[in-house]
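To start, the structure itself, in C-alpha cells.
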2 protein chains.
Amino acid sequence: MKPYLLQTLKELALLGAIRNKIELSSHELAKQLETSQQTASRYLLELDTQQMITRELGVKKQLIQITSIGADLLENAYLSYKQIFDLSTKVAFKGKLISGMGEGKYYTEQKGYADQFKKQLGFVAHPGTFNVEIEYIERNKLRLLRNCGGILINEFQAENRTFGNVVCFKATINGYKGAIVLPKRSHYAIVLECISPYYLREKLGLHDGDEVEVIVYLQ
Amino acid sequence: MKPYLLQTLKELALLGAIRNKIELSSHELAKQLETSQQTASRYLLELDTQQMITRELGVKKQLIQITSIGADLLENAYLSYKQIFDLSTKVAFKGKLISGMGEGKYYTEQKGYADQFKKQLGFVAHPGTFNVEIEYIERNKLRLLRNCGGILINEFQAENRTFGNVVCFKATINGYKGAIVLPKRSHYAIVLECISPYYLREKLGLHDGDEVEVIVYLQ
DNA sequence: ATTACTAAGCAGCGAGTAA
DNA sequence: TTTACTCGCTGCTTAGTAA
C-alpha cells in the first residue's frame, strides 16, 4: 500500500466517504491534499483500480464512496495508532515456536506456582511452557512489558531452594487463552514463555520454527 | 509532511520509540517498511534533520527515540483516525464568519425557543446567531449531522404562526461553549448557525470573512 | 556487521491540453 | 466547468561501495 494512497483514503474518510457517497471534484481533493488537480485525479484512478473506492462520474463532479476493502485498510491503520497511544490495552508479538529444555515443565509443575496460576489467572496451566522466540525487529517491544506491572506470582520455598518472583500477563497465543510468564530477574529475555490451560502444540498443530502470534494484555 | 515519513514514524512508534530509545538498524527498519536499507537510512536521516527523532549512532546499531515534535505529528494523525471511526464523539468544521439578515435575532429572542435552549443546553443564548459558512470541501460532513439525532427543540405557536422543530448539537466555536441550531426542515444548509451564552463576535474579535472552527459534539 | 555516499535509473509530478 | 491524457522534468529509489 503506497503511503500517499492511504493518506488520500484518510482524507476521503474524513469527509464522510465511508458511510456515504460524497460529491467531490479532483480539484477540491487536490486543494485538500495540497497537490495538483492532475495528481489528485491520478490518486482517485489508482484507488479505483485497486477497488478501494467506487466512483460515479458525472458531468460536473464525481460521487465517491470507500469500499469495504478501503475501509479495512483504514481500520488497520487506525488500530496501529490505537496500539501506540492507547497502550493500556494490548501488545502484539510475532515470533516462532522453539523448544525449551524441559525446565518449563519442571517449574509449572511446582505446586507453589501452579496454585497461584490457578488463583490469579483463573486456569490450571498445562504442564510445560510454550516458548516463542520473538522476531528480532519486535524485541524492542519486550521492554514495554517490564514497565507495565502485570500479575505478580510470589516466590516460595520448596525442595530446599527458593523459586523466585514471577510476573504474568494474560495473553492469547494464536487466539487461544493463556498467559506469559516473565521471571522477575532475567533482564532481556527474547523468548516469551507462555502457559495455557491447553496443550498448545497439539491444539494449534504447530512445530518448532512455526510462526506464532502472541497478544499480551497489559492490564 | 511527506506521507512516507509519517509512515516511518508510525513504525518506530509501534516498536516503542515514543517512550524509550529503541535499538534498530537501518536494515531492520527496511525490512519492516518493505524497502531497501538505503532508503530506510535516508528516511532516518530526514526524520533526524526535521527533528522528529533523535539518534545515537553506535558501531553496530543506532538508538532511536521519537521527539515531542514527532509524537505530536503522530497524535494528530491518530486524532484524524479517531474522528473517522469513533464518530460518536465530535466533528470539526472550518468555515468563515458571515452576516445573517437579522432573522437569527428574531428567532433566538422568541421565548418559546429561548426557554428550551436554557433547559436543554444549560445556557441562556445571547440574542442572534453566529453564522459560519462551511468550507466547500467540508460540506459533505454536514450530512453526518442529519444522521445523528441531536437535541430536539420542539415547535410552538406564537405571534399567530408556528415556529418549527429545531435540532441542536452542543458545540464549541473557536473554543467557546455554544451550540449549533439546525432547522428540521432545511435540507442542505451550508451555514452552521451557532448560539452561545457569549456575544461571540466581540468575544472572539472577529469580522465577516474571518476563519472560524466549529467543533460539534454529536452526543 | 554497520551507516550513508554517489550515480543511474525510474516513478511520480504537474503544465498543457483534449474531450 | 469537469476528468484524465501526454510528456518533460524532478526527485525518490536502489545498486554499488567506502568507511
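Below, chain A is the first sequence line, B the second, and so on; all start at residue 1. Keep in mind that what you see is a predicted model, and the values were worked out from it rather than measured.
- In summary, A:E46 and A:K2 engage in a salt bridge, as defined by a charged side-chain N under 4.0 Å from a carboxylate O.
- Checked against C:dG14, C:dT2, D:dT14, the side chain of A:S36 finds its nearest nucleotide in C:dG14.
- Distance NZ (A:K31) to P (D:dT2): 10 Å, rounded to an integer number of Å.
- Contact between the side-chain N/O atoms of A:Q62 and the OP1/OP2 oxygens of D:dT3 is found at a separation under 4.0 Å.
- Of the side-chain N and O atoms in B:T35, none sit less than 4.0 angstrom from OP1 or OP2 of D:dT13.
- The interatomic distance linking A:L63 (CG) with D:dT2 (C1') rounds to 14 Å, in whole Å.
- Between A:R55 and D:dA4, a side-chain N or O to OP1/OP2 separation shorter than 4.0 Å is present.
- If you take CD of B:E46 and C1' of C:dT3, they are 16 Å apart, rounded to a whole angstrom.
- In terms of phosphate contacts, B:R42 brings no side-chain nitrogen or oxygen within less than 4.0 Å of OP1 or OP2 of D:dC12.
- Residue B:Q38 places its side chain closer to D:dT14 than to any other of D:dT14, D:dC5, C:dC13.
- Phosphate contact (OP1/OP2 of C:dG12, side-chain N/O of A:K2, threshold under 4.0 Å): present.
- Taking only side-chain atoms of B:S41, from C-beta outward, the nucleotide of C:dG12, D:dT3, C:dA4 with the closest atom is C:dA4.
- An OP1 or OP2 oxygen of C:dG12 is reached within less than 4.0 angstrom by no side-chain nitrogen or oxygen of A:T39.
- The separation between A:E28 atom CD and D:dA4 atom P is 15 Å, rounded to whole Å.
- The side-chain tip of A:R161 points at the ring of A:F163 from less than 6.0 angstrom away and within 45° of straight on.
- Counting only distance, with no hydrogens or angles, the side chain of A:S196 and the backbone of A:Y198 share a donor-acceptor pair below 3.5 Å.
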Without placing hydrogens or testing angles, list every side-chain donor-acceptor pair under 3.5 Å for residues 170-179 of chain B, not counting sequence neighbours.
| residue | atom | partner | partner atom | Å |
| --- | --- | --- | --- | --- |
| B:N174 | OD1 | B:E213 | N | 2.7 |

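- To the nearest 0.5 Å, atom CG of residue B:L29 and atom CD of residue B:Q62 are 8.5 Å apart.
- Phosphate proximity of D:dT13 to B:Y43: present, with a side-chain N or O under 4.0 Å from OP1 or OP2.
- Rounded to whole Å, the distance from CG on A:L57 to C1' on D:dT3 is 7 Å.
- Remark: P of D:dT3 and CD of A:E23 are 11 Å apart, rounded to the nearest angstrom.
- Whole-Å rounding puts the A:Q37 CD to D:dC5 P distance at 11 Å.
- Atom-to-atom, CG of A:L44 to P of D:dT2 comes out at 14 Å; the value is rounded to the nearest Å.
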